[in-house]
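Values below: all heavy atoms of this structure, side chains included; hydrogens, waters and symmetry mates excluded.
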Amino acid sequence: MEKTLVMYEISQKQHYIFRSNRLRENIGASMIIRLLTEQPYELLKRSEWGFDVPAEEFSISGGGNGVYVFDTDEKATAFAKALSLGVLKNLPGIELFLVKQTMDWNKEKLFSLKDEQGRMVEQGVLDQMRSRLAEKKNQRRYAVRQVSWGIHRQCPDSGLPANLMDPTTETFRARELVVKAEYGRDARDEEYVRRFLSGLAVTAANGKPFQFLDQDHLERSLGEGKSAKNYVAVVHIDGNAMGVKVGAFLRQNFRSNDEYVKEYDKFTRKIDQAYTNAFRSMIEHVMRDYDNWSKRIYGESEDLCLLYAHIVPLRPIVASGDDICFLSFGQLGIELARVFIQYLQKSSLPVGQETFPFEACAGVAIVRRKFPFWLAYELSERLCSQAKKRLKSESDYWKNKTGQEHVDMSLIDWELVKSGDLDLDLSTRRENMCRNQDGTWLLNRPYYLFRQGWKHSHPSNYMNAFLPALETVHRASEESDGQGTLPAYPRSKWKELLGVYRKGRVATEQWAIQNRFDIGQKLFMERETHADLVAYFYDAIEIMDFLIPLPEVK
């Protein structure tokens, strides 16, 4: 029995989503990609597309590709042509790569067979198609395009030809941005509302149904100038060791392709459910604490805080499997990422006879409201990778400490960008900017987020190193802690320490003596994983105005 598979992938998704700085257009771009990969027939049936193509027999989700299976080659070809033509005509800016392959459903295998060492024994049809797709992307035969004849008015937001009137601004802009805005306005977030907001175990103080942050609300809430209220956070979260989990799944013995499709669907649904539950729990967590953070975001007006009590202070941009990206107020980004990961850690994934804990790394880019969103996302992704690198670089340390060959843990890293000058080569920049001449190190991050019940310590522990340092800075910055256990130092003195730290340990200790700065703790601490000393309070002082603590996850 023959079946024909169509596999396609959208290239450079993040660049497409964050090409503009308008939240509505980011939302629209995200919706377009979601529809293309998960519900292409919703697009094909739209009036401006006008395609009537036969439905697929079934689809295979996951792996970053859309895979649709048809019982005849004619149906598959009709679908591929309609999708390709529809994208070209109606979705400028989308780069779609597509391959098609016919297989003998009873004799050939969808999945690849590997031995105990993970070596390929037989390549499955899906991996064959992914290889062809990757080759097609590398060739990029039609990568060079004529976007303008040089006589068009230029779009002020993208640099592309301003070839379409935007009805909301009544100005000519690039058609790509106008289309995104249309989808963004049409988006009622039914999918995200159903998935993340329906049936929450918390209610808004004003009695209204919860809704996500939108463009208008964000503009009204953000401050001006250099204040912390003028910053937004782009949070990127990526699951750890997903390849290990997929490898364990593929090591199972499947009797047929039908069984593989059924079991793979269950496998991906379990992953989706774990991340969905963590996202919902994060929302419940932050909204239960609304009274404690709302005035720092919206101001002292109780009426205004009550008016916004149903607004969840974030907007999901990407939520696909273990790949999460959302936008939030700058002062909440780090703690929202921490809360999400701690709820995710409560889940695990059974695969055959094994059970894998869920761990993830997070990167948080805190930038001014006018900062290019695509660059902020790129930074958040690099920060997430930086966190994963630390875990990999310290694998021998954890092996010696735990006796386990492979230890998976969650970490979080962040960057506060106060100027437009940004170097995305984080490792090199931090080596040049954050290591003093005497070898001392300014940054203690990325920080570990240990699962509840974890028995081993680490000097870069978010809960036991960073948060206590931040609490000390905040308490000592106030008049007094009321108990006489901490001396009071003005904020200006802490900010001064931030600059002194850059001069090294000896200069910092001399400054502390001269200024009678004694809080009962060493200003530099030792690290088990490195010979260098690290500035204990540097991370906390740098971020003190840009982080509102949320309650601990129990």
| field | Check against side-chain hydrogen bond (donor to acceptor under 3.5 Å, both in side chains), Thr4 and Gln101 | value | CA-CA 6 Å; Thr4 301; Gln101 185 164 328; over 6 Å; no
| For residues Gln342 and Arg338, is any side-chain donor paired with an opposing acceptor at under 3.5 Å? | yes
| message | Any donor-acceptor pair under 3.5 Å linking the side-chain atoms of Asn257 with those of Lys109? | response | no
| message | Using ring centroids (six-membered ring only for Trp), state whether His406 and Trp398 fall under 6.0 Å. | response | no
| Near-ring test His310/Phe210, centroid separation under 6.0 angstrom | no
| field | Validation row: Phe329, Ser221 side chains within 4.5 angstrom (heavy atoms) | value | yes
| Close side-chain approach of Leu424 to Leu379, heavy-atom, < 4.5 Å | yes
Just jot down the salt bridge (Lys or Arg N to Asp or Glu O under 4.0 Å) partners of [X], sequence neighbours excluded, or say none.
| X | result |
| --- | --- |
| Arg451 | Glu359 |
| Lys266 | Glu263 |
| Asp545 | Arg491, Lys495 |
| Lys137 | Glu9 |

Counting only heavy atoms not in [X] (residues, nucleotides, ligands), do more than 12 fall under 6.0 Å from its [atom1]?
| X | atom1 | result |
| --- | --- | --- |
| Arg269 | CZ | no |
| Gln404 | CD | yes |
| Asn138 | CG | yes |

Residues forming a ring-ring contact (aromatic ring centres under 6.0 Å, His included) with [X], sequence neighbours excluded:
| X | answer |
| --- | --- |
| Phe58 | Trp105 |
| Tyr377 | Phe18, His236 |
| Phe111 | Phe254, Tyr260 |
| His285 | Tyr343 |

Side chain [X], main chain [Y], donor-acceptor under 3.5 Å:
| X | Y | result |
| --- | --- | --- |
| Lys3 | Met103 | no |
| Gln252 | Phe249 | yes |
| Glu415 | Ala365 | no |

| request: Decide yes or no on ring pair (Phe, Tyr, Trp, His ring centres under 6.0 Å) for Trp374 and Tyr16, but give the supporting numbers first. | output: CA-CA 8 Å; Trp374 69 267; Tyr16 178 74; over 10 Å; no
| task | Using the side chain to side chain donor-acceptor pair (under 3.5 Å) rule, collect all pairs that involve residues 296-308, keeping only residues at least two apart or in two chains. | result | Arg220-Tyr308
| remark: For residues 19-41, the ring pair (Phe, Tyr, Trp, His ring centres under 6.0 Å) pairs (sequence neighbours left out) are Tyr41-Phe79
Solution key, residues 273-280 side-chain donor-acceptor pairs under 3.5 Å, sequence neighbours excluded:
unit_1: Gln273; atom_1: NE2; unit_2: Asn277; atom_2: OD1; d: 2.8
unit_1: Thr276; atom_1: OG1; unit_2: Arg195; atom_2: NE; d: 2.8
unit_1: Thr276; atom_1: OG1; unit_2: Arg195; atom_2: NH2; d: 3.2
unit_1: Thr276; atom_1: OG1; unit_2: Asp272; atom_2: O; d: 2.8
unit_1: Asn277; atom_1: ND2; unit_2: Gln273; atom_2: O; d: 3.3
unit_1: Arg280; atom_1: NH1; unit_2: Arg195; atom_2: O; d: 3.3
unit_1: Arg280; atom_1: NH1; unit_2: Ser198; atom_2: O; d: 2.8
unit_1: Arg280; atom_1: NH2; unit_2: Ser198; atom_2: O; d: 2.8
unit_1: Arg280; atom_1: NH2; unit_2: Gly199; atom_2: O; d: 3.3

| request: State which residues pass side-chain contact (heavy atoms from CB on, under 4.5 Å) with Asn90; sequence neighbours excluded, sorted by chain then number. | output: Glu48, Trp49
| request: Go through the steps to decide whether Leu133 and Leu98 satisfy the test side chain to side chain contact (heavy atoms under 4.5 Å, CB included), and finish with yes or no. | output: CA-CA 7 Å; Leu133 204 59; Leu98 183 148; 5.5 Å; no
